[in-house]
Amino acid sequence: MGRRELRRDLAVLPMSVVRELTDLSDRQIRYYDQQGLITPQRGAGKQRRFSLNDVDRLIEIADYLDAGYSVSEIHEVDAKKQRKLAEKPEPNEENLRHMLADELLKIGRFNGQRKF
DNA sequence: TTTCTAACA
DNA sequence: TGTTAGTA
């Protein structure tokens with residue numbers, strides 16, 4: 001792999017940047033962290049440092065929340081996702097349907113009740 | 001100035 | 001969730 005690839009897991013983004021990238025409030029981002037939905041790295045002074053993956057994750061969380069899911073339900077979705085990933089690494093029909101569902105959920109963000 | 005935690009409305 | 005207080 002080349003060193004030119006984007007290191008999506010490198011935590012270098014401060015709260016201010018993530019706030020704008022996700023269109024979420026600091027409060028919401030910290031709350032999702034508290035709930036264990038995200039685990040940002042910490043820098044000097046315990047300041048959160050987010051990676052590109054964290055940003056994607058936050059957007060995904062926001063999508064689920066907008067779709068009416070509760071925090072605990074999102075945790076269940078994660079657990080289910082991990083089980084599927086652990087037992088069947090190869091994409092089967094079931095996984096593909098979940099992947100499609102996730103994509104539709106994201107697309108729905110542009111058709112749903114959002115103010116933009 | 002920015003971010004953090006805790007707590008109250 | 002917003003907001004405020006007191007810090008680091």
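The analysis underlying the following values was restricted to heavy atoms, covering all of them including side chains, and did not include hydrogens, waters or symmetry mates. Because the structure is a prediction, the values reported are computed rather than measured. Lettering of chains follows the sequences in order, A, B, ..., and the numbering in each one begins at 1.
- D26(A) meets the side chain to side chain donor-acceptor pair (under 3.5 Å) test with R19(A); sequence neighbours excluded.
- Within a 6.0 Å sphere centred on OH of Y69(A), other residues, nucleotides and ligands contribute 12 heavy atoms or fewer.
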Practice problem: Return one dot-bracket line describing DNA chain B 5' to 3' (Watson-Crick or G-U wobble pairs, both distances under 3.5 Å; ( ) same strand, [ ] crossing, | another strand, . none). | Solution: .|.|||||.
Practice problem: Encode nucleotides 2-9 of chain B as B, S and - characters from 5' to 3', where the letter depends on protein heavy atoms closer than 4.0 Å: B to the base, S only to sugar-phosphate, - to neither. | Solution: BSSB-B--
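- Looking at residues two or more places apart in sequence or on another chain, you find no salt bridge (Lys or Arg N to Asp or Glu O under 4.0 Å) involving K80(A).
- Contact check on E60(A) versus K81(A) returns a salt bridge, with a Lys/Arg side-chain nitrogen under 4.0 Å from an Asp/Glu carboxylate oxygen.
- With sequence neighbours left out, S72(A) forms a side chain to side chain contact (heavy atoms under 4.5 Å, CB included) with S70(A).
- Pairs of residues two or more places apart, or lying in two chains, that qualify as side-chain hydrogen bond (donor to acceptor under 3.5 Å, both in side chains) and include a residue from residues 35-50 of chain A are D33(A)-R48(A).
- From the 5' end on, the contacts that DNA chain C makes with chain A at under 4.0 Å to a non-hydrogen atom open and close at dT1(C) to dT3(C).
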Atom pairs and distances, side-chain donor-acceptor, residues 8-17 of chain A, under 3.5 Å, sequence neighbours left out:
none

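- Annotation: ring pair (Phe, Tyr, Trp, His ring centres under 6.0 Å) contacts involving residues 26-50 of chain A, sequence neighbours excluded, are absent.
- Under the side chain to side chain donor-acceptor pair (under 3.5 Å) criterion, D78(A) pairs with R57(A), not counting sequence neighbours.
- R97(A) is linked by a side chain to side chain donor-acceptor pair (under 3.5 Å) to E94(A), counting only residues two or more places apart in sequence or in another chain.
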